Amino acid sequence: MASKYAGMISPEDSSNTIEQYIEVFHSAPLWDSTWAIFSADGGEWLTPATAVKLDDLPHRDDAVAVHAARQYRVLRVNARALEFVLCDGTRSHWDNNRGENYKISVSGVYVAEEGVGARPMLNTELAAITRAQRADARYIELIYESNPKWLNCFVIHTLPRASDSARGSGAEWTPAPGVRMTRHGARLGSWFLRIQADSLQLAFTDGGGGKGGAEWDSNFGSNYMVPAPGKYEIIAHDAAYADAGHGVGSTGGSKVRYLGISDLDALRAEL
């Protein structure tokens with residue numbers, strides 16, 4: 001079976017699920033178990049008697065995977081905001097962020113670290129946890145949000161056999177204009193592509209259909225990096241600005257979000 005975590009939030013649920021769920025990963029390997037006492041969306045606090053147990057992550061039975069997965073336990077709450085503290089099963093050891101409590105005001109995936117607070121989990125961390133659970137993950141699925149004015153979208157990427165050296169100058173690339181993406185859902189500028197690969201470096205183009213020639217999104221010349229198999233959402237660096245009437249090339253912040261294992265790998269796991 002596919003993991004219940006690190007892959008539960010899917011883009012098909014983007015209108016509701018991604019915006020409403022908070023996942024918290026916490027590391028306390030010496031605790032027998034971890035429990036959360038929290039207030040969700042400003043509601044009533046749970047008590048030590050009604051605390052919610054964090055789940056251990058399933059993992060492959062090898063040393064590397066055990067190390068990656070056992071670092072964390074995970075809590076998943078249907079909420080947009082969360083304030084919480086953590087304790088062990090005997091309620092004798094506590095982590096309350098050094099008296100400040102952990103506070104999250106935006107849904108997403110976080111790591112709770114004492115003294116630091118609840119910080120967003122890095123793509124590389126979440127991908128490593130997922131890979132620890134899924135030894136045979138093969139596919140990268142991309143959901144790309146482009147300038148909504150684009151009529152077509154293509155991906156130029158490192159070839160799968162060269163993906164291990166994707167950061168190097170010697171990696172081979174697909175020839176222009178690249179691989180055509182298909183439309184994803186009803187939203188203008190939303191595109192989808194599935195590739196069998198371990199990792200990819202990539203950029204996007206509209207293929208040159210407009211009067212001004214091809215438009216590109218190469219993450220300001222740095223290209224986008226996908227570090228491992230899984231499902232990713234990539235928001236163009238200019239998307240918010242294009243929506244506001246600005247042209248391609250306006251300075252914005254590109255965004256790559258790891259959503260979990262690919263749909264195809266999840267389906268393979270269930271067969």
Side-chain angles (χ1 to χ4, degrees), residues 10-12 14-15 18 122-124 126-127 137-265:
S10 67
E12 285 75 14
S14 60
S15 61
I18 290 177
L122 301 176
N123 281 340
T124 51
L126 197 49
R138 300 178 184 175
Y139 295 96
I140 291 173
E141 292 174 347
L142 303 173
I143 297 170
Y144 176 62
E145 302 291 340
S146 75
N147 183 326
K149 296 179 181 179
W150 284 17
L151 300 179
N152 296 289
C153 188
F154 299 83
V155 180
I156 294 180
H157 61 81
T158 48
L159 297 178
R161 63 175 177 272
S163 60
D164 289 339
S165 60
R167 291 186 182 273
S169 59
E172 295 185 60
W173 289 72
T174 54
V179 181
R180 182 185 293 272
M181 301 186 77
T182 59
R183 291 193 179 274
H184 180 260
R187 177 184 171 89
L188 290 176
S190 186
W191 309 89
F192 176 82
L193 182 67
R194 178 184 292 123
I195 303 170
Q196 184 172 342
D198 291 328
S199 62
L200 290 175
Q201 184 177 180
L202 50 99
F204 302 91
T205 176
D206 71 343
K211 294 182 180 179
E215 294 181 353
W216 286 80
D217 176 11
S218 61
N219 193 22
F220 300 107
S222 298
N223 298 328
Y224 292 98
M225 280 298 304
V226 174
K231 180 185 292 184
Y232 296 83
E233 180 186 57
I234 301 177
I235 299 178
H237 69 261
D238 71 306
Y241 289 80
D243 286 341
H246 298 273
V248 173
S250 301
T251 56
S254 61
K255 182 178 181 181
V256 180
R257 178 164 55 178
Y258 177 75
L259 300 175
I261 66 171
S262 70
D263 289 341
L264 191 55
D265 281 320

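Predicted model only: the values in this text are computed from it and were never measured.
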Using only atom types and a distance under 3.5 Å, with no angle test, would you say the side chain of [X] pairs donor to acceptor with the backbone of [Y]?
X    : Y    : answer
S218 : A203 : no
D217 : N219 : yes
D206 : E215 : yes

Check each of I143, L200, V226 against Y232 using the side chain to side chain contact (heavy atoms under 4.5 Å, CB included) test, and report the only one that passes.
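Testing Y232 for a side chain to side chain contact (heavy atoms under 4.5 Å, CB included) against I143, L200, V226 leaves exactly one candidate, V226.
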Candidates L193, I140, I234 - the one meeting side chain to side chain contact (heavy atoms under 4.5 Å, CB included) with L202:
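It is I234, the one option of L193, I140, I234 that forms the side chain to side chain contact (heavy atoms under 4.5 Å, CB included) with L202.
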Derivation and outcome, side-chain contact (heavy atoms from CB on, under 4.5 Å), residues W173 and N223
CA-CA 12 Å; W173 289 72; N223 298 328; 3.6 Å; yes
Mind listing the closest non-hydrogen atom pair of [X] and [Y] along with its distance?
X    : Y    : result
P229 : A197 : CG-O, 3.6 Å
E145 : S190 : OE2-OG, 3.1 Å
S146 : A236 : CA-CB, 4.1 Å

Could you measure the distance from the OG atom of S199 to the NE2 atom of H157? Nearest 0.5 Å is fine.
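The OG atom of S199 sits 12.0 Å away from the NE2 atom of H157.
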If you apply the rule side-chain contact (heavy atoms from CB on, under 4.5 Å), what do you find for C153 with Y144, and how did you get there?
CA-CA 9 Å; C153 188; Y144 176 62; 3.5 Å; yes
Which residues pass the side chain to side chain contact (heavy atoms under 4.5 Å, CB included) test with T205, sequence neighbours left out?
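For T205, the residues satisfying side chain to side chain contact (heavy atoms under 4.5 Å, CB included) (neighbours in sequence not counted) are F154, A214, W216.
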Run the side chain to side chain contact (heavy atoms under 4.5 Å, CB included) test against R183 and tell me which residues pass, sequence neighbours left out.
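Partners of R183 by the side chain to side chain contact (heavy atoms under 4.5 Å, CB included) criterion, ordered by chain and then number, come out as W191.
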Residues in salt bridge (charged side-chain N to carboxylate O under 4.0 Å, His left out) contact with R194, at least two apart in sequence or another chain
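R194 satisfies salt bridge (charged side-chain N to carboxylate O under 4.0 Å, His left out) with E141 once adjacent residues are dropped.
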